[in-house]
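Before any comments, here is the structure.
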Amino acid sequence: MSENRYPFWEVEPKIQKFWRENHVNDIDLDDPAEKKQYVLVMFSYPSASKLHIGHWWNYGPTDTYSRFKRMQGYKVFEPMGFDSFGLPAENFAIKVGTHPKQVTEQSISSIQAQLEAIGAMYDWRYRVITSHADYYKWTQWLFLKLFEHDLAYENEGMVNWCPSCQTVLANEQVVSDGHCERCGAEVSHKKMKQWYFRITKYADELLLGLNEIDWPESTKTLQRNWIGRSEGAWIKFPLDGIEGEIEVFTTRPDTIYGVTYVVVAPESSLVEKVTSRDRLEKVKDYVNSALHATEVERTAKNRAKTGVFTGGYVTHPLTGAKLPIWVADYVLGSYGTGAVMAVPAHDQRDFEFAQEHSLPMQIVIRPTDQFLEIEEMREAYEEEGIMQNSENFSGVPSVDGKNAVTEKLEKLNAGAKAVTYRLRDWSISRQRYWGAPIPVVHCEDCGVVAVKEEDLPVLLPEEIEDFRPKGTSPLGGIREWMETTCPKCGKPAERDPNTMDTFVDSSFYHLRYLAADNHSQPFRPDRMKEWLPIDTYVGGSDHSTGHLIYFRFITRFLHEIGISPVAEPARRMIHQGLIKKGGIKMSKSKENVVNPDLFVKRHGADVFRIYLMFMGDYRIGGDWSDEGISGIDRFINRVWRLVRDFRPKGKVDGTPIAKDYPESVYRAYHFMVKAVAENLEAFSFNTAISRMMELVNELYGWLDTDAEIVDHAAIQRILKNLIIVLAPFAPHFSEECWQRMNEEGSIFDQTWPEFDPEALVQDTIELVIQVNGKVRDRLEAPADTDKKRLEEMALESDRVKEFLKTGTLRKVIVVPGKLVNLVIN
RNA sequence: GCGAGCAUGGCGGAAUUGGCAGACGCGCAGGAUUUAGGAUCCUGUACCUGAGGGUGUGUGGGUUCGACUCCCACUGUUCGCACCA
């Protein structure tokens, strides 16, 4: 064997076979381990049949981390599966005119084959496939548990509706300016009966839990804002002349004396109640047009605030004043109570509305240093200040007024302290075919009845003539499937034709993986106790307010009912950055998409995955260059030739790498071992690779100067450990080298080498001499030289003396071990 | 509009309790070896400059003996949220 180039095309299949035959990647979850690591990376969405560069970017580095932890002596669980239900698979099926099941199965098998090419250490016995009945049985089981605890409920609600695709869209499928992600049509809203999960019940817990986990601050902030907790008060405004009241939520009870009108949202049921006969027509027209406005129209910039007077009035709870009730779409039906008290002088939105419709304003807060005049106000004064025109509260600072006013309202039974959230309950029903059926039955006598647990799964019928979306659930068209009997009374009843959002599937997969080799139990309590929480979870930050909240919510719920031993699913979260090409995002339209297959074919899987890791900081992303990969190719081949040229006859002895090596080699080696471990722990793959390159450069330098007398055994000892450190990055390559060095078993059962801290301590340092902060000289000095001596050395320097002539020495700063700065003027 | 991140050679990127800017790699230039190579090895490579030196981390200020690093303002860029009362 004297190849000049590493023959990856022969080695990779051979090594993969070796791993399979020797069960190198098998993991026994029941065999207790002293130290464990659960490393999870978000699973893939098999929508088309090809593995793209994003998969490699996600799975390669995560696998490197997992293998590293394994070699550090941890028992590592790194599972992989397929999130195969949902729109991507279904849409692809529609496009190619094949049944979603067929499309899904095909792409799973082809993607799995490609995933194996990455060289990751997945043990496929723990694979999950969310569209298989043995998985969605537990999705349905989860639904039943939530239903049982009153956390799943059916309600009439507004949904995103794409008129061209004829379907409901998830919020995630509506792009930012209100267009359909797929067809680009404007999304409208529609009132539909939907299933919801009561995630809002967990709002506070989800907020508090953020304090306990090591997740990126940006993601925590995103989740905090998404949950959007705000403190304030409920205030009741009794209706004038008729029975009832309008309840509003406000964060500014201190502005109550500035209320000049009240507004209800168009979708509010109050509209009908408060509208007077003579205004009926106008109000109806307005409500209709507001509700049918598209997202684009409603969010248009600088749009004038529209609304109409309902003809109804309320009474101010403190002053008794009669205030008009308006209906306007700047008030959201889904937040708070769907009604607000308008304080135009102190709320910009109310201010604009009042101006538009000539409504009165009343100033009740002023800045501490001046008085405001309505005529001079160009915008609302929203800051804190001193209350005025507020009966006996006048003169009170507004910050204190909030409580004082609320207390007074409480005494009058007209209000109370309250907390509201921006977070909404999670709408989970989809009018689509390719998902887990909702396991309930609609019975004329008993209403909504849950399917019995022992009757799960409710199978998704595979025989279906037309699975395309047409506005109602395709399942509804299959009579023999829809018709069933009521689990409670036994009379004929109908199934629910909706399927569940795919985010339900992925909300518990981390628990299911641990029992995936078992089909009769959803979870394995013993294993969960051992393996949870996830130690490192890797995935895109784009899931921050979707999956990552749902998954925390469901874990919390399962914890509460005694199933999950932990409340927070993942201790550490890492988001990968974005890979670009030519500085811009890869996209088909820009024709700059990198096809991994091409480069894997040319350089091999190991080189490809290392190059991805080398491109940049994993969390920030990198810029792909077709030429850059050759640097990694060269590096791997440089190591390859060392192994070829210094291949031992027998086994390499385990003598430590000590001071008898050239100092630069000795130090580069120990520094490499230390730095690679630290860098890997921090997901800094790029700098770890640099350290290995430095060592290889040192070895070549040694050979270059000393080719005749270099001790083969000495090189072999370094090489052996270098291969071990390189193994998590280049698994096939290193396993092959390992075998060529006459070692037994798998390299992945080796332990990470130790480094010698002493090697990193330098005896002499290079002392930098600065004059006024500029480097003027460098001197050799023993590392332990004291401050005084360093100062003397600096002043003795001839070059420094030249500069000292130009001014007077004012100050000397000595940083031991580093530098001396002389300040002159 | 609001919030968060980012900005360093020809290119990708290193460097943080403030202390030698440009590690490592690509590219480029020169040399060696080779029948030949787009293989391999070695050397050089921020910019300006005549040596000495000067200038440099998006722009403008500030703090400091000393700033890529900390503070303020601005510009560009990416991402998220968008009337949340």
Side-chain angles (χ1 to χ4, degrees), chain A residues 4-5 176-178 216-219 221-222 224-226 228-230 232 248-252 255 263 295 298-299 301-303 305 328-332 334-343 346-350 352-353 382 420-424 541-542 544-545 575 577-578 580 582-585 611 614-617 619-632 634-635 637-638 641 684 686-694 696-697 700-701 703-705 766-775 778 802 810-815 817-825:
Chain A
N4 281 316
R5 295 193 57 76
S176 60
D177 61 346
E217 254 337 292
S218 56
T219 303
T221 304
L222 227 51
R224 287 192 187 104
N225 294 341
W226 185 262
R229 183 190 154 98
S230 54
V248 303
F249 173 76
T250 179
T251 54
R252 293 296 299 271
T255 63
V263 193
E295 199 74 23
R298 288 199 48 191
T299 55
K301 267 186 189 160
N302 304 325
R303 173 175 172 258
K305 289 196 161 41
D329 69 359
Y330 81 94
V331 171
L332 305 175
S334 53
Y335 184 77
T337 57
V340 304
M341 61 180 217
V343 187
H346 305 291
D347 181 285
Q348 187 57 26
R349 296 155 302 185
D350 298 339
E352 285 165 23
F353 189 78
E382 295 186 324
T420 350
Y421 303 88
R422 209 190 77 112
L423 182 72
R424 305 293 148 75
S541 61
D542 47 328
S544 294
T545 54
H575 298 309
L578 190 74
K580 294 175 288 188
I584 49 171
K585 202 190 280 188
Y611 180 57
F614 187 65
M615 282 189 325
D617 186 303
R619 287 167 234 251
I620 295 170
D623 200 297
W624 174 272
S625 124
D626 290 354
E627 294 78 43
I629 192 170
S630 61
I632 301 298
R634 267 174 219 155
F635 165 66
N637 277 293
R638 270 158 85 82
R641 283 190 298 273
S684 298
N686 54 340
T687 49
I689 295 160
S690 296
R691 296 295 88 79
M692 292 187 286
M693 288 173 165
E694 276 164 5
V696 171
N697 290 345
Y700 270 80
L703 293 174
D704 194 46
T705 55
E766 191 185 50
L767 183 69
V768 171
I769 316 292
Q770 296 182 335
V771 177
N772 287 345
K774 291 199 170 114
V775 181
R778 295 154 197 275
E802 290 298 310
R810 296 289 176 197
K811 199 171 175 183
V812 180
I813 287 111
V814 182
V815 183
K818 280 188 180 146
L819 60 75
V820 178
N821 188 14
L822 306 169
V823 185
I824 65 169
N825 62 7

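Proteins get letters first, then strands, A, B, ... in listed order; numbering begins at 1 in each.
A sub-4.0 Å separation between OP1 or OP2 of B:C6 and a side-chain N or O of A:Arg619 is absent. Contact annotation: A:Lys818 side-chain N/O to B:G19 OP1/OP2 distance is not under 4.0 Å. Listed pair A:Asn686 / B:G12 fails the phosphate criterion, with no side-chain N or O lying under 4.0 Å from OP1 or OP2. Between B:C42 and A:Asn697, no contact under 4.0 Å exists linking OP1 or OP2 to a side-chain N or O. At B:C41, one or more side-chain N or O atoms of A:Arg641 fall inside 4.0 Å of OP1 or OP2 (strictly under the cut-off).
Nucleotide B:G80 holds its C1' atom 14 Å from the CG atom of A:Leu578, rounded to whole Å. Going from atom CZ of A:Arg422 over to atom C1' of B:A82 covers 8 Å, rounded to whole Å. The CH2 atom of A:Trp624 sits 14 Å away from the P atom of B:G13 (whole-angstrom rounding). At whole-Å resolution of the value, CG in A:Asp617 and C1' in B:U16 are 14 Å apart. For the pair A:Ile769 CD1 and B:G66 P, the computed distance is 18 Å after rounding to whole Å. The nearest whole Å value for the distance from the CZ atom in A:Phe614 to the P atom in B:G27 is 12 Å. Spacing between atom CG of A:Leu332 and atom P of B:A82 amounts to 10 Å, rounded to whole angstrom units. Nucleotide B:G25 holds its C1' atom 13 Å from the CE atom of A:Met692, rounded to whole Å.
Pairing for B:U16 is absent, judged as Watson-Crick or G-U wobble with the two contacts each under 3.5 Å. Shown here, B:C2 forms a base pair with B:G80; the pair counts as Watson-Crick or G-U wobble because both key distances fall under 3.5 Å. Remark: B:G9 base-pairs with no nucleotide in the shown strands. Criterion, Watson-Crick or G-U wobble with two distances under 3.5 Å. With a cut-off of 3.5 Å on both Watson-Crick or G-U wobble distances, the partner of B:U64 is given as none. When both pairing distances are held under 3.5 Å, B:A73 makes a Watson-Crick or G-U pair with B:U59. In this entry B:A29 has B:U43 as its Watson-Crick or G-U wobble partner, both defining distances falling under 3.5 Å. B:U35 is unpaired under the criterion used here, namely a Watson-Crick or G-U wobble arrangement in which both key atom distances are under 3.5 Å.
As rounded to the nearest Å, B:C70 and B:G19 have C1' atoms that lie 14 Å from one another. For the C1' atoms, the distance linking B:G13 with B:G27 amounts to 14 Å, nearest Å. Comparing B:U64 with B:A14, their C1' atoms sit 26 Å apart, to the nearest whole Å. Comparing B:A36 with B:U43, their C1' atoms sit 24 Å apart, to the nearest whole Å. Here, B:G58 and B:G76 have their P atoms 16 Å apart, quoted to the whole Å. A distance of about 31 Å separates the P atoms of B:U8 and B:U40, rounded to the whole Å. Here, B:A15 and B:C68 have their C1' atoms 8 Å apart, quoted to the whole Å. Comparing the C1' positions of B:A7 and B:A21 gives an interatomic distance of 16 Å, to the nearest angstrom.
When heavy atoms are screened at a 4.0 angstrom cut-off, A:Tyr700 is found touching the sugar-phosphate backbone but no base atom. Across all strands, A:Leu222 comes closer than 4.0 Å only to sugar-phosphate atoms, never to a base (heavy-atom distances). Residue-level contact check: A:Arg634 touches the backbone only, with heavy atoms under 4.0 Å from sugar-phosphate atoms and none from bases. Among the protein residues, A:Val340 comes within range of the nucleic acid bases, having at least one heavy atom under 4.0 Å from a base atom. In this structure, A:Asn772 reaches neither bases nor backbone, as no heavy-atom distance under 4.0 Å exists between it and the strands shown. Contact annotation for A:Asp542: no contact, since no heavy-atom pair falls under 4.0 Å across all strands. Using a 4.0 Å heavy-atom distance criterion, A:Ser230 is classed as a sugar-phosphate-only contact. Counting any heavy atom pair closer than 4.0 Å across all strands shown, A:Gln770 reaches a base atom. Using a 4.0 Å heavy-atom cutoff across all strands shown, A:Asn821 reaches at least one base atom of the nucleic acid. Residue contacts for A:Ser541: at a heavy-atom cut-off of 4.0 Å it reaches no nucleic acid atom on any strand shown.
Which of B:C81, B:A23, B:G19 sits closest to the side chain of A:Trp226 comes down to B:C81. Distances from the side chain of A:Ser630 to the nucleotides B:C42, B:A85, B:G27 place B:G27 closest. Of the candidates B:C24, B:C83, B:C65, B:C24 carries the atom nearest the A:Met693 side chain, counting heavy atoms from C-beta on. Looking at the side chain of A:Tyr330, the nearest of the listed nucleotides B:C83, B:C81, B:C24 is B:C83.
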- request: I would like to know whether A:Val343 and A:Arg252 meet side-chain contact (heavy atoms from CB on, under 4.5 Å); could you show each step before the answer?
  value: CA-CA 9 Å; A:Val343 187; A:Arg252 293 296 299 271; over 6 Å; no
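Taking the side chain as every heavy atom from C-beta outward, A:Phe249 and A:Ser230 approach each other to under 4.5 Å. A:Ile629 has its side chain within reach of A:Trp624: a pair of non-hydrogen atoms, C-beta onward, lies under 4.5 Å apart. The shortest side-chain heavy-atom distance between A:Asp347 and A:Glu382 falls under the 4.5 Å cut-off. Counting heavy atoms from C-beta on, the side chains of A:Ile813 and A:Gln770 never come closer than 4.5 Å. Within the 4.5 Å cutoff, no side-chain heavy atoms of A:Ser630 are placed close to those of A:Tyr611.
Using cut-offs of 30° and 60° on the angle between ring planes, the pair A:Tyr330 and A:Phe353 is tilted.
For the residue pair A:Asn697 / A:Arg638, a side-chain donor-acceptor distance below 3.5 Å is found, with atom types taken as modelled.
Residue whose closest nucleotide on RNA chain B sits further toward the 5' end, between A:Thr221 and A:Lys774: A:Thr221. Nearest-nucleotide positions on RNA chain B for A:Arg638 and A:Asp347 put A:Arg638 closer to the 5' end.
In this structure, B:G9 is classed as syn because its glycosidic torsion stays within 90° of zero.
The side-chain contact (heavy atoms from CB on, under 4.5 Å) with A:Val263 is formed by just one residue from the set A:Val340, A:Val248, A:Asp329; it is A:Val340.
Looking at A:Lys305, its side chain comes within 3.5 Å of the base of B:C83 through a donor and an acceptor atom.
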